[in-house]
Structure formats: structure tokens, C-alpha cells
Novice: 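Below are the C-alpha cells for one structure; questions will follow.
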Amino acid sequence: MDQWDRRCRVATCTVNNWALDFRGNYERIVKTCSEAYALGARIRLGPELEIPGYGCADHFFELDTERHSWEMLSKLVEKSKDWPELLVITGIPTRFRGLLYNCAAALKNGKLLFIRAKMGLADDNVYRESRWFVKWTETFKHYEMPLNAQIHFEQSTVPFGDGILESSDNVRVGFEICEELWSSRSTNIRLAEQGVDIICNGSGSHHILGKSNYRINQLILGSSAKVGGVYLYANHRGCDGDRVYYDGASSIAQNGDLLAQIHQFDIEDTCVATAIVDLSENSVFRQMKSSDRGNASDQKTVVPIRFDGNMAEGVKFNQKCTERMTSMVEKCCFKN
Ligand SMILES: NC(=O)CC[C@H](N)C(=O)O
């Protein structure tokens with residue numbers, strides 16, 4: 001059963017990573033994890049495919065891109081022992097059954113916990129993801145994937161596919177990778193129905209005039225106002241070698257309110273934002289909507305992937321949850 005006091009500090013970040021700059025990308029990821037950890041965060045989310053860089057394009061056809069990405073992931077898993085209480089979510093291409101998937105990887109304290117494969121690929125506009133990747137189609141199913149013996153991990157397998165993570169103190173973490181939010185069948189709906197507390201969206205979303213207004217106000221805040229829960233969104237910022245500009249604005253929202261946001265345009269290579277959220281507010285918010293309670297109870301219960309560690313402790317009872325940012329300020333920021 002959930003505990004009553006469920007305050008947790010969560011972190012999102014923006015990185016200016018470069019396609020194929022494996023070492024540089026690794027350093028920037030480490031910097032954001034260290035900063036998030038120093039601020040007391042229990043989870044740190046990074047953008048889509050942040051290890052190789054989002055815009056590797058046809059380099060995703062080369063095995064070296066995967067290989068070097070996994071070498072960096074192995075280093076990051078080892079490094080995560082420096083931040084034992086921090087759940088790190090990063091982005092990496094992964095081959096399963098001979099097919100290449102665009103994935104989020106979850107790791108903590110020296111252990112790779114889960115590889116979650118993207119379930120809706122982006123192919124409109126400038127996106128061409130299905131040229132290199134296939135989508136995962138088995139909802140809430142995962143398999144034990146053997147890890148490549150040529151790369152060092154202290155484990156021989158990792159769960160791969162779709163699923164929900166659950167901490168020792170029952171905080172549920174789910175994944176919706178970029179385009180899955182844009183789809184009218186957004187993953188966040190079924191995650192909320194399973195009582196997911198924190199929805200993680202690592203994205204590679206480029207700048208078009210007016211797009212971030214839609215992305216933040218309609219999609220992120222709109223979804224979170226509808227399904228409830230904490231919504232962590234991380235985006236790249238800058239040009240990563242391709243001909244587009246990613247426009248950051250990594251955000252933290254809860255139950256329709258914006259709690260924190262990193263600038264859309266800036267010259268910093270890395271930025272971290274955190275917020276203290278009371279996860280009990282998710283239950284209260286969802287409890288108030290009887291139609292959704294009915295929909296949720298119709299769904300089969302998904303068995304989560306458990307991991308060691310408490311997420312909702314370490315925040316003192318008298319520490320206030322982060323103030324809500326006003327939507328007026330938000331809307332002014334996002335005419336673009
Ligand atoms: N990387 C993606 O999945 C991109 C999704 C979305 N269409 C966007 O423009 O942000």
C-alpha cells in the first residue's frame with residue numbers, strides 16, 4: 001500500500017548533445033546527473049537517444065553507432081554508483097531479435113534496470129525514424145534480453161520491451177517516448193490507468209514557429225491535466241549535426257500545472273531543473289474523476305518491474321512542494 005507522505009524531488013535536463021560525439025555526450029550526461037543528485041533529486045530524465053545524439057541519421061545503419069553507445073552506457077552504469085539513490089533515464093539505440101529500437105534506458109546504482117522501446121515512431125515533417133528503427137508493439141510486455149558479453153555489465157540480462165518500474169516504496173515510473181505523446185492514442189493514458197506516478201518523456205523535438213506552444217500547453221499540460229500524475233519532459237537544445245535546431249524547454253508538470261521549465265533558447269550546454277512533488281496529489285487528482293477510475297478498473301493489472309531504493313523519502317515534511325508557475329507567464333513564453 002502507498003505511504004501517505006510521498007514527497008520526492010524530480011529532475012529533468014536539457015543537453016546540447018552532438019551526433020556521434022559519444023565521449024562528449026557521456027560527459028554532459030554525467031554532469032547533469034551529478035547536478036541533479038547534488039540537488040537531492042531521486043530521478044533524472046534526459047532526452048531521446050541522448051547517448052549517440054538524436055540526429056545520427058544513416059549512421060544508425062552502422063553497428064559502430066550501437067557499439068559505442070553501449071560502451072558509454074556501460075560506463076554510465078558504473079558511474080551511477082556515485083549517485084546511489086538516483087534513478088537515471090537516458091536514451092540509446094538497442095538491438096533485440098536482430099531489429100533496432102529507439103529506447104529509453106533506466107539505471108541505478110550500478111545496475112541496468114530496464115530498456116523501454118519506443119512504441120510509435122516519428123516519420124512526419126523532418127523525421128524519418130522508421131528508416132532506421134522498428135517500433136515495439138507488445139503493450140506492457142517485456143523479455144529478458146541477454147547483454148552483449150563484449151561490453152562489461154555486472155549482470156548478464158536486462159528486461160527489454162514495454163513495462164512499468166516500481167521502487168521499494170512503490171513509486172511507479174512509466175515511459176512515453178517523444179512521438180507517443182503526439183499520437184491521439186498517447187501512452188500516458190494507459191500509464192495513468194496503471195497508477196503510474198511519474199511519466200518520463202525523453203524527446204528529440206525540433207524548433208518550428210509555434211510548435212513549442214502546442215507541445216507544452218496542449219500536449220504536456222493538456223495530457224497531465226487529463227490523466228494526472230507527474231510529467232517529466234526532456235528535450236535536446238541546439239543543432240546536433242543535422243539541419244534542425246532542437247528547442248529545449250524541458251519541463252516538469254503535475255496534474256496540469258507547470259512546476260519548472262528550462263529555457264527554450266540558451267547558450268549553456270547543459271541545464272538541470274528540479275521540483276519537489278507530492279506524489280499523493282496524483283492519487284487525489286485521479287480519485288476525483290470517476291469516469292477515469294471506471295476506465296482504469298476495466299484494465300488488467302500490469303506486474304511492474306521492481307527495483308531497490310526509496311524515491312519518496314529524503315524530502316523533509318516541512319519542505320514545501322514547488323510553487324506552480326502561472327499559465328499566463330507560460331503562454332507568453334510560447335508564442336514561438
Ligand atoms: N522525436 C520525435 O518523436 C518527434 C515527435 C514530434 N512529432 C515532434 O515534432 O516533436
Side-chain angles (χ1 to χ4, degrees), residues 2-14 36 39-46 86-87 89 164-167 169-176 180-181 186-203 212 215-235 248-262 271-289 292-293 296 310-331 333-334:
D2 291 344
Q3 57 199 54
W4 310 125
D5 184 28
R6 303 180 78 219
R7 277 164 228 238
C8 171
R9 190 181 278 278
V10 297
T12 185
C13 66
T14 290
L39 291 166
R42 289 289 180 270
I43 180 169
R44 170 270 182 205
L45 173 71
L86 186 70
L87 176 64
I89 316 292
I164 294 167
L165 289 174
E166 190 178 72
S167 63
D169 58 350
N170 306 324
V171 174
R172 292 188 159 204
V173 178
F175 305 88
E176 159 164 90
E180 292 176 52
L181 167 67
S186 295
T187 307
N188 60 64
I189 299 167
R190 61 184 172 84
L191 294 179
E193 286 172 347
Q194 295 295 327
V196 166
D197 296 290
I198 303 173
I199 299 172
C200 298
N201 186 327
S203 280
S212 51
R215 189 202 295 139
I216 304 288
N217 292 318
Q218 316 294 324
L219 296 182
I220 297 176
L221 294 177
S223 300
S224 127
K226 208 160 79 169
V227 307
V230 173
Y231 203 96
L232 286 187
Y233 174 82
N235 192 13
S250 302
S251 303
I252 302 174
Q254 184 181 26
N255 301 335
D257 290 329
L258 186 68
L259 305 185
Q261 188 164 69
I262 300 170
C271 289
V272 174
T274 72
I276 297 176
V277 290
D278 183 351
L279 300 174
S280 299
E281 286 181 19
N282 300 342
S283 317
V284 175
F285 182 93
R286 287 173 179 158
Q287 167 94 29
M288 301 286 280
K289 237 168 132 196
D292 282 352
R293 278 194 330 246
N310 292 334
M311 294 188 68
E313 69 166 27
V315 178
K316 293 193 186 68
F317 196 73
N318 59 1
Q319 247 175 301
K320 255 178 85 183
C321 289
T322 313
E323 304 279 341
R324 269 63 182 141
M325 290 168 86
T326 71
S327 57
M328 262 321 285
V329 174
E330 156 55 18
K331 287 201 168 93
C333 294
F334 285 102

Novice: Do you know which two heavy atoms are closest between Y233 and S203, and how far apart they sit?
Specialist: CE1-OG, 3.1 Å
Novice: Is R6 paired with D169 through a side-chain N to carboxylate O contact shorter than 4.0 Å?
Specialist: no
Novice: Start with the C-alpha distance between I198 and L232, add both sets of side-chain angles, then the distance that settles side-chain contact (heavy atoms from CB on, under 4.5 Å), and finish with yes or no.
Specialist: CA-CA 7 Å; I198 303 173; L232 286 187; 3.9 Å; yes
Novice: Using 0.5 Å steps for rounding, measure from the CZ atom of R172 to the CE atom of M311.
Specialist: 13.5 Å
Novice: Please identify each residue that fulfils side-chain hydrogen bond (donor to acceptor under 3.5 Å, both in side chains) with E180, with sequence neighbours left out.
Specialist: R116, T187
Novice: E193: what forms a side-chain hydrogen bond (donor to acceptor under 3.5 Å, both in side chains) with it, not counting sequence neighbours?
Specialist: none
Novice: Are the side chains of V196 and V173 in touch, meaning some heavy atoms are under 4.5 Å apart?
Specialist: no
Novice: Looking only at non-hydrogen atoms, find the nearest pair between A312 and C8 and report the distance.
Specialist: CA-CB, 4.3 Å
Novice: Enter the distance from L45:CG to T12:OG1 here, rounded to the nearest 0.5 Å.
Specialist: 5.0 Å
Novice: What distance do L221 atom CG and D257 atom CG have between them, rounded to the nearest 0.5 Å?
Specialist: 8.0 Å
Novice: What residues form a salt bridge (Lys or Arg N to Asp or Glu O under 4.0 Å) with R42, not counting sequence neighbours?
Specialist: none
Novice: List the residues meeting side-chain hydrogen bond (donor to acceptor under 3.5 Å, both in side chains) with N235, not counting sequence neighbours, and say none if there are none.
Specialist: none
Novice: Looking only at non-hydrogen atoms, find the nearest pair between A249 and I216 and report the distance.
Specialist: O-CD1, 3.7 Å
Novice: Going by ring-ring contact (aromatic ring centres under 6.0 Å, His included), name the residues that satisfy it together with F175, two or more places apart in sequence or in a different chain.
Specialist: F114
Novice: How close do L259 and A275 get, heavy atom to heavy atom, and via which atoms?
Specialist: CB-CB, 4.1 Å
Novice: Evaluate the side-chain contact (heavy atoms from CB on, under 4.5 Å) criterion for residues S280 and D5: first the C-alpha distance (whole Å), next the side-chain angles of each, then the deciding distance (0.1 Å), finally the verdict.
Specialist: CA-CA 7 Å; S280 299; D5 184 28; over 6 Å; no
Novice: Sequence neighbours left out, what passes side chain to side chain contact (heavy atoms under 4.5 Å, CB included) with K289? Give chain and number order.
Specialist: K226, D292
Novice: With a 3.5 Å distance limit and no angle check, can you tell me whether S224 reaches the backbone of G228 through a side-chain donor-acceptor pair?
Specialist: no
Novice: Give the C-alpha distance, both sets of side-chain angles, the deciding distance and a yes or no for side-chain contact (heavy atoms from CB on, under 4.5 Å) between R286 and R293.
Specialist: CA-CA 7 Å; R286 287 173 179 158; R293 278 194 330 246; 6.0 Å; no
Novice: Return the set of residues passing side chain to side chain contact (heavy atoms under 4.5 Å, CB included) with L86 (not counting sequence neighbours), or none when no residue passes.
Specialist: C33, Y37, A41, R44, W83, V88
Novice: Is it true that the side chains of Y231 and N188 contain a donor and an acceptor less than 3.5 Å apart?
Specialist: no
Novice: List the residues meeting side-chain hydrogen bond (donor to acceptor under 3.5 Å, both in side chains) with T14, not counting sequence neighbours, and say none if there are none.
Specialist: S250
Novice: Test of understanding: with side chain to side chain contact (heavy atoms under 4.5 Å, CB included), list the residues that count as partners of E281, not counting sequence neighbours.
Specialist: Q254, N255, D278, R324
Novice: Walk me through it: do V277 and T322 pass the test side-chain contact (heavy atoms from CB on, under 4.5 Å)?
Specialist: CA-CA 7 Å; V277 290; T322 313; 5.8 Å; no
Novice: Mind checking side chain to side chain contact (heavy atoms under 4.5 Å, CB included) for T274 and listing every partner two or more places apart, or none if nothing turns up?
Specialist: R9, A11, L39, V272
Novice: Looking only at heavy atoms, what is the nearest atom pair of N310 and E313, with distance?
Specialist: ND2-OE1, 3.4 Å
Novice: R190: what forms a salt bridge (Lys or Arg N to Asp or Glu O under 4.0 Å) with it, not counting sequence neighbours?
Specialist: D162
Novice: Looking at every non-hydrogen atom in both residues, tell me the closest pair between R215 and L219 and how far apart they are.
Specialist: O-CB, 3.2 Å
Novice: Rounded to the nearest 0.5 Å, how far does CD1 of I252 lie from CD1 of I43?
Specialist: 10.0 Å
Novice: Any chance you could measure I220, atom CD1, to E176, atom CD, to the nearest 0.5 Å?
Specialist: 9.5 Å
Novice: Please check if the side chain of N282 supplies one atom and the backbone of D197 the other of a donor-acceptor pair under 3.5 Å.
Specialist: yes
